[in-house]
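The structure appears right after this line, and notes come after that.
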Amino acid sequence: MDYFLTEQQKTIKELARRIAEERVLPVRAELDEKEEFPWDIVKELAAADMFRVFVPEEYDGLGGGCLDLCIVTEELSRVCSGIAVTYAASALGCMTLMEYGTDEQKHKFLPDIASGKKLSAFAITEPTAGSDAANIKTTADKVEGGYLLNGTKQFITNGGEAEIYTVIALTDKTRGARGASAIIVEKDTEGFTFGKKEKKMGIRTSATRELVFRNCLVPEENLLGRAGLGFIQAMRLFDKSRPGIGAQAVGLCQGALEAATDYAEERVQFDQHLITMPVIQQMLADMSIQTEAARALVYAAARYVDSGAKDVTEPSAASKVFASDAAMKVAMDAVQICGGSGYMRDYPVEKMMRDAKILQIYEGTNQILRGAIAANLRKRKARTA
Ligand SMILES: Cc1cc2nc3c(=O)[nH]c(=O)nc-3n(C[C@H](O)[C@H](O)[C@H](O)COP(=O)(O)OP(=O)(O)OC[C@H]3O[C@@H](n4cnc5c(N)ncnc54)[C@H](O)[C@@H]3O)c2cc1C
């Protein structure tokens with residue numbers, strides 16, 4: 001289907017696909033097996049200006065929006081979802097800065113993120129605050145010279161590898177989530193260390209670590225926007241970033257569909273190629289329909305975000321939920337079509353099935369997001385009653 005991308009978006013898409021096929025494809029299994037952070041690929045992406053895509057032009061970016069970010073993420077995820085999330089998490093890590101930062105803060109941090117010299121990361125999750133993100137305990141006490149951070153963040157993508165972190169912490173712990181603020185913390189700040197690197201089911205090339213703050217003094221000028229608005233800023237951020245997870249899912253769907261189709265064309269049983277068997281054809285057709293429907297919803301949600309609309313919560317959540325459920329189903333069906341071979345690590349669909357699961361969990365689990373959509377339905381009904 002033609003999604004009427006702009007010339008710049010088409011160029012970005014082609015470039016991302018070329019990097020994915022030429023650079024990522026040959027090493028994806030090895031990176032996954034070794035659980036190795038993909039620094040060489042990050043450098044390739046940086047050299048191709050891919051990190052500039054989501055940064056405004058005045059800070060050395062290309063000024064692309066949510067759809068541009070989705071296009072790159074989708075193409076990378078078609079080949080390796082672990083690399084796609086490494087890339088997209090750097091955008092997540094600086095979106096609050098782009099939205100609420102001062103010109104000075106943006107000039108200080110964004111050019112290095114745009115050039116790919118530095119990765120960024122976003123940290124809200126804690127051991128006691130996952131779905132219940134408002135229950136964070138990390139504190140940022142106002143002291144002379146800045147904020148003193150204490151606490152632990154859990155499961156942070158790009159943790160340990162990124163240089164620039166947006167951290168949500170309580171500047172007023174008496175007010176709970178209303179006392180939360182967004183603060184930039186640089187990697188080498190004293191009192192900021194990293195806990196264990198998680199050993200994951202999928203997206204294994206990406207790094208997921210704990211961030212540990214012990215009397216970590218951060219300059220006052222690293223506060224983003226007003227103190228006390230950090231939780232709202234984080235929720236608004238996810239409203240805008242969720243189509244990116246949807247795009248990761250769409251890319252994974254596309255990769256799994258292509259791998260399963262290739263296999264069905266090659267494999268002969270009962271003197272027939274699998275692709276000629278009606279049951280297999282039905283499965284492939286359903287996988288294709290799911291993939292295209294997910295893509296259409298993700299692109300529509302991304303365009304809606306880019307329009308500057310205020311009420312993006314529902315379409316954005318819907319695109320993430322629908323596309324990630326599609327990715328899980330499509331990846332499982334791809335393994336089924338590839339039979340015993342599909343279960344083996346020699347075939348890419350085994351990794352795709354492992355990679356798909358996280359898409360239903362992070363940036364709001366699909367149950368939590370369905371709950372938010374249902375709550376919106378009820379609000380709308382109450383307004384019209
Ligand atoms: C690989 C990975 C990378 C991540 N990257 C980041 C990152 O970069 N930055 C960051 O801040 N966080 C990150 N996270 C955290 C992620 O967003 C959380 O794991 C997610 O929000 C779920 O929280 P939880 O794991 O604590 O699960 P829980 O909240 O404990 O949920 C467990 C289960 O209970 C269900 N549940 C909980 N409450 C309800 C409810 N009220 N109604 C219905 N069901 C409910 C959930 O849907 C889920 O099925 C990452 C996580 C992983 C695994």
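Each ligand, and each atom within it, is numbered from 1 in the order the structure gives. What you see is a predicted model; the values in this text were computed from it and never measured.
For ligand 1, one of its N or O atoms has an N or O atom of Phe122 under 3.5 Å away. The shortest N/O to N/O separation between Gln154 and ligand 1 does not fall below 3.5 Å. For the pair Ile124 and ligand 1, the shortest N or O to N or O distance falls below 3.5 Å.
Contacts with ligand 1 closer than 4.0 Å are made by side-chain heavy atoms of Lys200 only, the backbone lying farther away. With a 4.0 Å cut-off on non-hydrogen atoms, Thr157 touches ligand 1 through its backbone as well as its side chain. With a heavy-atom cut-off of 4.0 Å, Asp132 does not touch ligand 1 at all.
By the 6.0 Å contact criterion, CG on Asp271 is open, its count of non-hydrogen atoms from other residues, nucleotides or ligands being 12 or less. Surrounding NZ of Lys240 are at most 12 heavy atoms belonging to other residues, nucleotides or ligands under 6.0 Å away.
Among all non-hydrogen protein atoms, the one lying nearest atom 49 (O) of ligand 1 is Gln367 NE2, 2.8 Å. Atom 31 (O) of ligand 1 has Ser131 OG, 3.7 Å as its closest protein atom, hydrogens excluded (heavy atom only). The protein heavy-atom contact nearest to atom 12 (N) of ligand 1 is Thr125 OG1, 2.6 Å. The closest protein non-hydrogen atom to atom 53 (C) of ligand 1 is Ile358 CD1, 3.3 Å. Protein heavy atom closest to atom 17 (O) of ligand 1, with residue, atom name and distance, is Glu363 N, 3.5 Å.
Cluster annotation: Phe51 and Phe37 are assigned to the same hydrophobic cluster (Ile/Leu/Val/Met/Phe/Trp/Tyr, side-chain heavy-atom contacts under 4.5 Å, transitive). Follow the hydrophobic side-chain contacts under 4.5 Å out from Ile41 and you reach Ile12 in the same cluster.
No option in Ile289, Ile275, Leu274, Val330 other than Ile275 meets the side chain to side chain contact (heavy atoms under 4.5 Å, CB included) test with Leu284. In summary, of the residues considered (Ile164, Val55, Leu110), a side chain to side chain contact (heavy atoms under 4.5 Å, CB included) with Leu97 occurs for Leu110 alone.
Counting the atoms of ligand 1 from 1 in the order shown, those under 4.0 Å from a heavy atom of Thr365 are 22 (C), 46 (C), 47 (O).
Counted by atom type alone, Tyr165 and Asn158 present zero donor-acceptor pairs between their side chains at under 3.5 Å. Looking only at atom types and distance, the side chain of Gln248 has a donor-acceptor partner in the side chain of Ser81 under 3.5 Å away.
Taking the six-membered ring where the residue is Trp, the centroids of Tyr299 and Phe4 are separated by 6.0 Å or more.
The residue among Ile156, Val167, Asn135, Ile361 with a heavy atom at the shortest distance from atom 20 (C) of ligand 1 is Ile361. If you check each of Ile368, Leu92, Ile245 against atom 40 (C) of ligand 1, the one with the closest non-hydrogen atom is Ile368. In the candidate list Gly159, Gly371, Gly82, Gly130, Gly130 is nearest to atom 24 (P) of ligand 1, counting heavy atoms. Evaluated by nearest non-hydrogen atom to atom 25 (O) of ligand 1, the leading choice among Phe238, Tyr362, Phe155 is Phe155.
Counting protein heavy atoms under 4.0 angstrom from atom 1 (C) of ligand 1 gives one or more. Protein heavy atoms are found less than 4.0 angstrom from atom 6 (C) of ligand 1.
Taking 4.5 Å as the limit, every side-chain heavy atom of Thr157 sits out of range of all side-chain heavy atoms of Leu92.
Nearest heavy atom pair, residue Ala207 against residue Arg209, reads CB-NH1, 3.8 Å.
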